[in-house]
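Below is one structure; the comments refer to it alone.
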Amino acid sequence: MTAAGESLGPGSISVVVPVHDEERSVALLFEELQAALQPLGRNWEVIYVDDGSTDGSFSALTRLHALAEEVSVVRLRRNFGKAAALMAGFVQARGDVVVTIDGDLQDDPAEIPRLLAKLEEGFDLVSGWKTRRQDSWRRRTLSKIFNFTASRMSGLRLHDMNCGFKAYRVEVVRGLRLYGELHRFIPVLAHYRGYRIAEIPVNHRPRSHGRSRYGVERYLRGFFDLLSVSFLGRYGHRPLHLFGGLGLFLGLGGTGVLIYLTSLKIAGAAIGQRPLLILGVLLVVVGIQLFSLGLLSEMIISHHEERADERGRVELRVEEILQ
Ligand code: UDP
Ligand code: MG
């Protein structure tokens, strides 16, 4: 095995597999991966990330590691969730291309060459789309609603954001900061960073061992994440445009109402009992608050921008430099 940090060479592939209680699947998955990757004639590695499994997954992985030099294993201290598991794998990855695949054998490694071929057409991220999803109808329906909403909100038209089976150019994963449940929005996060994203239909198989960790409640939580992802993606660098715009709109509305009431008062009418007066005052106060919230957010951002590593951030945005 080469030392960590060293590249595996041009065109090399790192497969990252998040594993949580999949003791019966990991070795089978390796066989399938080997069968798919060996014929490509490129260097490759498989990085299993044991995300706090409580079954025999880690010993199964240790055996696998002893048998196959392409295998490395990262063991997390406890169950941190899929996003953290993927991040841990990305840090280890030494390939030019990174493929993520679920450890439960539901994704079919034989599809990897197709993902790679699509990547080579000039995309930075190719996402799998489980066209014939082998899950319950309830999950499929919720997933459809979820994907539809997420596509509309983010402006990135994909059928299956949450698919764990994806291929990336390594730069894409280097720039990702996944935490919480953000692994569901990797395409959206990459899209906001300006990467080119494609989607291809992939084969999906029923789960034969173990059980799924996620129920339908994930989609409800997912909507909150979606809100924060699309908010940060759109306004994260210019919050005043949102808060200031909204504040100005409400504030001006309120001012209009108050001017109207003032003119009535001058004309001699009594306005003290009118509900419109309360509305006018409320709008002005809320407007000013939103506006100041926007200014405050701008102050926080400029503080961060000054301290952040400018070079690193610029590098994330540059596609290429001709010199
Ligand atoms: N997984 C993980 N940490 C977790 C939950 C899941 O690493 O906390 C892994 C799991 O072992 C599998 C993948 O993430 O390889 C997808 O999980 P699962 O099959 O439960 O989700 P589903 O396919 O039902 O969406
Ligand atoms: Mg699964």
Side-chain angles (χ1 to χ4, degrees), residues 14-33 46-61 64 71-93 98-109 111-112 127-147 150 158-167 173 176 178-187 202-222 225:
S14 297
V15 181
V16 173
V17 190
V19 171
H20 181 69
D21 292 351
E22 314 278 7
E23 57 180 343
R24 300 181 59 189
S25 304
V26 288
L28 281 171
L29 177 65
F30 181 72
E31 282 172 24
E32 293 193 4
L33 284 170
V46 180
I47 304 164
Y48 286 94
V49 184
D50 177 11
D51 182 19
S53 296
T54 51
D55 66 349
S57 292
F58 186 69
S59 19
L61 291 174
L64 205 55
V71 170
S72 40
V73 179
V74 179
R75 186 185 199 180
L76 301 186
R77 239 178 270 286
R78 65 166 173 86
N79 180 225
F80 283 97
K82 195 171 169 184
L86 289 175
M87 283 302 283
F90 292 161
V91 169
Q92 292 295 317
V98 174
V99 173
T100 57
I101 187 166
D102 282 356
D104 57 6
L105 293 171
Q106 287 198 266
D107 301 323
D108 183 356
E111 302 273 20
I112 292 178
S127 187
W129 167 22
K130 296 163 289 196
T131 39
R132 291 211 205 112
R133 203 170 155 174
Q134 305 293 324
D135 288 313
S136 71
W137 68 267
R138 221 170 41 156
R139 267 178 75 163
R140 291 202 310 264
T141 317
L142 279 167
S143 161
K144 278 206 180 109
I145 300 174
F146 175 81
N147 280 298
L158 288 189
H159 298 88
D160 193 0
M161 306 254 169
N162 191 13
C163 182
F165 197 17
K166 291 183 167 65
V173 307
L176 283 175
L178 304 180
Y179 52 90
E181 307 279 299
L182 289 192
H183 58 277
R184 288 194 199 118
F185 302 100
I186 293 176
V202 290
N203 183 17
H204 190 234
R205 307 180 288 193
R207 222 183 210 286
S208 39
H209 306 292
R211 59 179 186 82
S212 170
R213 238 75 44 189
Y214 300 105
V216 290
E217 81 289 345
R218 70 164 137 191
Y219 293 106
L220 300 177
R221 293 207 208 104
D225 294 327

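Ligands are counted one by one from 1 in listed order, and the atoms in each one are counted from 1 as well. Sequential numbering from 1 along the given sequence is applied to the chain's residues.
- Counting heavy atoms only, E22 comes closest to atom 12 (C) of ligand 1 of the residues Q134, H20, E22.
- Between G103 and ligand 1, at least one N/O pair is under 3.5 Å apart.
- For ligand 1, the atoms sitting less than 4.0 Å from at least one non-hydrogen atom of D51 are 2 (C), 3 (N), 4 (C), 7 (O), 8 (O), numbered in the order shown with element in parentheses.
- In this structure, Q134 CD and R205 CZ are separated by 10.5 Å, a value rounded to the nearest 0.5 Å.
- At least one donor-acceptor pair under 3.5 Å links the side chain of D160 to the backbone N or O of K130.
- Judged by distance alone, the side chain of S57 and the main-chain N or O of E22 form a donor-acceptor pair under 3.5 Å.
- Note: no N/O pair closer than 3.5 Å links R211 and ligand 1 by distance alone.
- With salt bridges taken as basic N to acidic carboxylate O contacts below 4.0 Å, none links D55 and R24.
- When the heavy-atom distances from atom 18 (P) of ligand 1 to K82, R207, Q106 are ranked, the shortest goes to R207.
- When atom types are taken as modelled, the side chain of E23 and the backbone of A60 share no donor-acceptor pair closer than 3.5 angstrom.
- Note on ligand 1: G81 sits in its first shell, one or more heavy atoms being nearer than 4.0 Å.
- In plain terms, the two heavy atoms of V98 and A93 that are nearest each other are CG2-CB, 4.0 Å.
- Shortest distance from the Mg ion (ligand 2) to D104 is reached at OD2 (N/O/S atoms only).
- With 2.8 Å as the limit, S212 does not count as an N, O or S neighbour of the Mg ion (ligand 2).
- Remark: side-chain polar atoms of D104 are not paired, donor with acceptor, to backbone N or O of S25 under 3.5 angstrom.
- At a heavy-atom cutoff of 4.0 Å, ligand 1 is contacted by the side chain of R139 but not by its backbone.
- Nearest-residue assignment for atom 8 (O) of ligand 1 (options V19, N79, V49; heavy-atom criterion): N79.
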